[in-house]
**Q** 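What follows is a structure written as structure tokens; I'll ask about it next.
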Amino acid sequence: MDLDASQHSNTVSGTTLEESRPALSWQGKIAASANLVWETYKKKPISYWIQLFLSSSAMLTAFPASSLLSRLYFADGGKSKWIISWTAVAGWPLTALFLIPVYFFGKVSPTPLTIKLLLWYIVLGFLSAADNLMFAWAYAYLPASTASLLASTSLIFSALFGYFIVKNQLNLSSINAIVLITAGAVIIALDSSSDRFPGISKTQYNLGFLWDILGSALHGLIFALSELVFMKVLGRRSFHVVLEQQVMVSFFGFVFTTIGLVINNDFNRMRLEASSFKHGGGSYSMVIIWATITFQLGILGSVAILFLSSTVLAGVLNAVRVPLTSIAAVILFHDPMSGFKIISLILTVWGFGSYIVGHSSSSSSKAP
């Protein structure tokens with residue numbers, strides 16, 4: 001009885017103390033947050049945080065740079081959609097080189113290449129080549145800021161295709177994200193008259209808009225099919241397996257795109273394009289080379305983020321690079337930035353945020 005009374009007394013007093021405890025001030029909240037960050041930092045070695053920083057920096061700089069260089073190619077006199085789509089896959093040997101230290105120092109073996117897996121890589125490579133070509137058409141006719149905003153609709157298609165193909169969960173946050181990003185794309189479409197560069201006709205703008213949306217849809221399909229390959233064929237998802245998949249898909253994308261370049265006789269036109277490029281052949285070469293390098297650096301960064309952290313952080317970085325690309329395009333290319341486009345940008349980032357929060361909550365609820 002004395003024990004029960006003591007427990008009852010402690011419960012009552014505990015409740016009274018909790019109810020009477022004052023809420024944390026903003027200084028206290030900052031201190032608590034700082035303490036949480038410090039505790040999280042101490043759980044990982046310094047090498048982990050260096051790798052995470054470098055990977056995040058690669059995503060936030062390489063992908064926007066690749067987008068801006070694609071637009072610069074067309075703005076300064078480039079004409080071939082095949083050439084600029086070729087730069088997205090021509091750097092596949094750079095990614096392949098990273099597999100060598102992974103195999104050597106990580107003491108892992110290459111994944112056996114079965115006929116079924118090879119066929120999947122060929123299909124994904126073909127779809128990747130088509131996807132890059134669609135985005136090349138978009139950057140030929142759209143401002144870089146607009147093309148970047150529209151490309152963010154790939155999140156919509158990733159969620160939808162993931163739901164139907166991989167049976168991923170489609171929660172209210174995902175649906176909210178789909179609605180917000182769709183609204184952002186519709187707003188851009190309504191403001192097309194003030195978003196065109198001089199010399200770009202309404203038909204060309206609409207064509208670029210259409211190819212951007214179709215490319216985003218295909219990108220979402222590729223993402224869902226890649227996840228299906230990891231689940232049904234590979235049966236695992238580790239750093240070297242994801243890197244192998246990226247290398248093989250890029251390789252076959254390179255093969256299909258190179259065939260298109262040869263058929264279209266664009267390899268022979270490179271010299272002609274270089275001679276008529278705005279700042280000369282040297283500038284033309286630099287645009288092509290750096291467009292190739294930056295795209296592969298972005299891929300390496302995204303693969304490393306997925307391995308080191310989570311898809312949530314990858315989603316956060318994708319959300320951040322949309323406004324970064326848009327702001328850089330306004331500064332460097334003087335892209336038109338009307339009130340409609342600002343609203344579209346806000347809705348797009350809001351949509352990404354909704355998706356990230358929903359995905360993070362879903363992952364936390366599944367954790368043991």
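Note that the structure is predicted; figures quoted are calculated from it, not measured.
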**Q** Atom CG of Leu345 and atom CD1 of Ile188: how far apart are they, to the nearest 0.5 Å?
**A** 8.5 Å
**Q** How close do Tyr73 and Glu273 get, counting heavy atoms only, and between which atoms?
**A** OH-OE1, 2.7 Å
**Q** With a 3.5 Å cut-off and no angle check, do the side chains of Ser174 and Asn171 form a donor-acceptor pair?
**A** yes
**Q** With no hydrogens and no angle check, is any side-chain donor or acceptor of Ser302 less than 3.5 Å from a backbone partner on Ile299?
**A** yes
**Q** Would the distance check show the side chain of Gln245 and the main-chain N or O of Phe230 forming a donor-acceptor pair, the cut-off being under 3.5 Å?
**A** no
**Q** Would you give the length of the straight line joining atom OG of Ser67 to atom OH of Tyr139, rounded to the nearest 0.5 angstrom?
**A** 3.0 Å
**Q** Which atom names give the shortest non-hydrogen contact between Ala90 and Thr292, and what distance separates them?
**A** C-CG2, 3.8 Å
**Q** Between the side chain of Arg321 and the main-chain N/O of Leu60, is any donor-acceptor distance below 3.5 Å?
**A** no
**Q** Are His219 and Phe157 close enough, and set up right, to give a side-chain contact (heavy atoms from CB on, under 4.5 Å), and what steps lead you there?
**A** CA-CA 8 Å; His219 190 79; Phe157 299 105; over 6 Å; no
**Q** Tell me if a side-chain donor or acceptor on Ser56 pairs with a main-chain N or O of Leu52 at a distance below 3.5 Å.
**A** yes
**Q** What heavy-atom pair brings Gly301 and Ala58 nearest, and what distance separates the two atoms?
**A** CA-CB, 4.1 Å
**Q** Between atom CG of Asn206 and atom CG of Leu210, what is the distance when rounded to the nearest 0.5 Å?
**A** 8.5 Å
**Q** Is there a chain of hydrophobic side chains (I, L, V, M, F, W, Y, each step under 4.5 Å between heavy atoms) that links Leu118 to Leu99?
**A** yes
**Q** Between Lys81 and Ala140, is there a donor-acceptor pair closer than 3.5 Å when you use the side chain of the first and the backbone of the second?
**A** no
**Q** In Å, rounded to the nearest 0.5 Å, how long is the span from OG of Ser154 to CD1 of Ile181?
**A** 8.0 Å
**Q** Is there a path from Leu155 to Val186 through hydrophobic residues (I, L, V, M, F, W, Y) whose side chains come within less than 4.5 Å of each other?
**A** no
**Q** So, taking the atom named CG in Leu142 and the one named OG in Ser148, what distance separates them when rounded to the nearest 0.5 Å?
**A** 11.0 Å
**Q** For Phe340, does the CZ atom have more than 12 heavy-atom neighbours from other residues, nucleotides or ligands under 6.0 Å away?
**A** no
**Q** CH2/Trp350 to CG/Asn176 distance, rounded to the nearest 0.5 angstrom?
**A** 7.0 Å
**Q** Check whether any side-chain heavy atom of Leu119 lies under 4.5 Å from a side-chain heavy atom of Val123, and answer yes or no.
**A** no
**Q** Test of understanding: clusters of I, L, V, M, F, W, Y form through side-chain heavy atoms closer than 4.5 Å, transitively. Do Phe209 and Met337 belong to the same one?
**A** no
**Q** State, yes or no, whether a side-chain contact exists between Ser80 and Met270 at a heavy-atom distance under 4.5 Å.
**A** no
**Q** Within the 3.5 Å criterion, strictly below it, is a donor on Glu244 or Tyr121 matched to an acceptor on the partner's side chain?
**A** no
**Q** Are Leu272 and Ser275 packed together at the side-chain level, in the sense that at least one heavy-atom pair is separated by less than 4.5 angstrom?
**A** yes
**Q** Kindly work out whether a path of hydrophobic side-chain contacts (I/L/V/M/F/W/Y, heavy atoms less than 4.5 Å apart) joins Val247 to Val241.
**A** yes
**Q** Under the side-chain contact (heavy atoms from CB on, under 4.5 Å) criterion, do Glu227 and Asn168 qualify, and how do the steps go?
**A** CA-CA 10 Å; Glu227 191 170 354; Asn168 286 338; 3.3 Å; yes
**Q** Would you say Ser226 and Trp120 make side-chain contact, with heavy atoms under 4.5 Å?
**A** no
**Q** Students often mix this up, so state it plainly: with edges at 30° and 60°, are the rings of Phe251 and Trp92 parallel, tilted or perpendicular?
**A** perpendicular
**Q** Take a 6.0 Å sphere around CG of Leu190 and say whether it holds more than 12 heavy atoms from other residues, nucleotides or ligands.
**A** yes
**Q** Grab the two heavy atoms, one from Ser145 and one from Lys341, that are nearest each other, plus how far apart they are.
**A** OG-NZ, 2.9 Å
**Q** Hey, does Phe135 have a side-chain heavy atom less than 4.5 Å from the side chain of Ser85?
**A** no
**Q** Mind jotting down which residue pairs meet the ring pair (Phe, Tyr, Trp, His ring centres under 6.0 Å) criterion with at least one end in residues 268-290? Sequence neighbours excluded, please.
**A** Phe277-Tyr284
**Q** In terms of side-chain heavy atoms, does Trp82 have a donor or acceptor partner in Thr257 at a distance below 3.5 Å?
**A** no
**Q** Checking Ser250 side chain against Val89 main chain: does a donor-acceptor pair fall under 3.5 Å?
**A** no
**Q** What heavy-atom pair brings Trp211 and Ala138 nearest, and what distance separates the two atoms?
**A** CB-N, 4.5 Å
**Q** Working note: Phe239 + Phe98, criterion side-chain contact (heavy atoms from CB on, under 4.5 Å); need CA distance, chi angles, decisive distance, verdict.
**A** CA-CA 11 Å; Phe239 181 74; Phe98 276 82; over 6 Å; no
**Q** Does one side chain, of Gln246 or Thr95, offer a donor that lies under 3.5 Å from an acceptor on the other?
**A** no
**Q** With no hydrogens and no angle check, is any side-chain donor or acceptor of Ser128 less than 3.5 Å from a backbone partner on Leu124?
**A** no
**Q** I'd like to know if the side chain of Gln51 reaches the main chain of Ile305, judged simply by a donor and an acceptor atom lying under 3.5 Å from each other, with no hydrogens or angles considered.
**A** no
**Q** Would you say that Thr87 contacts Ile84 through its side chain, given a criterion of any heavy-atom pair below 4.5 Å between the two side chains?
**A** yes
**Q** Going by heavy atoms in the side chains, are Leu72 and Phe333 under 4.5 Å from each other?
**A** yes
**Q** If only atom types and distance count, is the side chain of Ser66 paired as donor or acceptor with the main-chain N or O of Ala62 below 3.5 Å?
**A** no
**Q** Would you confirm whether Asp266, through its side chain, and Arg269, through its main-chain N or O, come within 3.5 Å as a donor-acceptor pair?
**A** no
**Q** Is the shortest side-chain heavy-atom distance between Leu149 and Val322 below 4.5 Å?
**A** yes
**Q** Would you say that more than 12 heavy atoms from the other residues, nucleotides or ligands in this model lie under 6.0 Å from the OH of Tyr163, or not?
**A** no
**Q** For ring-ring contact (aromatic ring centres under 6.0 Å, His included), just list the numbers for Phe126 and Phe256, CA-CA rounded to whole Å, side-chain angles, deciding distance to a tenth of an Å, and then say yes or no.
**A** CA-CA 6 Å; Phe126 175 78; Phe256 287 117; 5.3 Å; yes
**Q** Could you please spell out the steps behind the side-chain contact (heavy atoms from CB on, under 4.5 Å) verdict for Ile178 and Leu160?
**A** CA-CA 9 Å; Ile178 290 171; Leu160 292 176; 4.0 Å; yes
**Q** Are Ile175 and Phe161 in one and the same hydrophobic cluster, where Ile, Leu, Val, Met, Phe, Trp and Tyr link if side-chain heavy atoms are under 4.5 Å apart?
**A** yes
**Q** By the definition side chain to side chain donor-acceptor pair (under 3.5 Å), identify the one residue from Asp195, Asp212, Asp335 that meets it with Thr146.
**A** Asp195
**Q** Quick one: closest heavy-atom pair of Gly253 and Ala129, and the distance?
**A** O-CB, 3.8 Å
